[in-house]
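We number each residue from 1, following the sequence as shown. Everything numeric here is computed off the predicted structure, so don't read it as measured data.
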Amino acid sequence: MYSVVHDDAALQQIAALPAEVLPVYAEVIGVLELAPANGRPYNEDYPDRPMRELLFGQHGAGTVTYLVLEQQRMVHVLLVQWVG
């Protein structure tokens with residue numbers, strides 16, 4: 001299991017999410033705690049790099065950009081975007 005840590009900017013972005021999206025974002029956290037590698041590489045040219053991105057919400061209207069620190073079993077959420 002991984003610890004999930006949110007940067008200050010990401011916390012502000014989460015606070016701005018619509019209320020109906022918050023349960024979906026909670027599911028994202030569950031995925032990050034168990035299998036952060038399920039996200040796609042942030043840069044397809046470097047698929048083994050630790051920065052990843054996960055889509056969420058209907059039609060992938062949200063993205064979470066995060067950094068996986070394997071040795072520490074930690075995920076740093078850097079950016080949460082919602083375009084829905």
Worked verdict on V5 versus M74 for side-chain contact (heavy atoms from CB on, under 4.5 Å): CA-CA 7 Å; V5 177; M74 187 175 291; 4.1 Å; yes

Could you tell me the separation between the OG1 atom of T63 and the CG atom of L79, rounded to the nearest 0.5 Å? 6.0 Å

Supply the atom-to-atom distance Q13 CD to Q81 CD, rounded to the nearest 0.5 angstrom. 7.0 Å

So NE2 of H6 and CG of L32: to nearest 0.5 Å the spacing works out to 7.5 Å

Would you say the side chain of R40 lies within less than 4.5 Å of the side chain of L54, judging by non-hydrogen atoms? no

Tell me, do V77 and D7 make a side-chain contact under 4.5 Å, heavy atoms counted? no

Atom CD of E20: over 12 foreign heavy atoms under 6.0 Å: yes

Co-membership, hydrophobic cluster, residues V80 and L67, 4.5 Å side-chain: no

Might you confirm whether atom OH of Y2 has over 12 heavy atoms from other residues, nucleotides or ligands at distances under 6.0 Å? yes

Any side-chain heavy atom of V64 sitting closer than 4.5 Å to one from Y25? yes

Please check if L78 and V4 belong to a single hydrophobic cluster, counting links between Ile, Leu, Val, Met, Phe, Trp and Tyr side chain heavy atoms closer than 4.5 Å. no

Identify the heavy atoms of L22 and I14 that sit nearest to each other, and give their distance. CD2-O, 4.0 Å

Determine whether V31 and V21 fall in the same hydrophobic cluster, where Ile, Leu, Val, Met, Phe, Trp and Tyr are linked whenever their side-chain heavy atoms lie under 4.5 Å apart. yes

Would you indicate whether the side-chain heavy atoms of R52 and P41 approach each other to under 4.5 Å? yes

Any heavy-atom pair between the side chains of T65 and M51 that's under 4.5 Å? yes

Measuring only between side-chain heavy atoms, which start at C-beta, is V75 closer than 4.5 Å to L69? no

I'd like to know if the side chain of Y66 reaches the main chain of P36, judged simply by a donor and an acceptor atom lying under 3.5 Å from each other, with no hydrogens or angles considered. yes

Could you check whether W82 and F56 have their ring centres less than 6.0 Å apart? yes

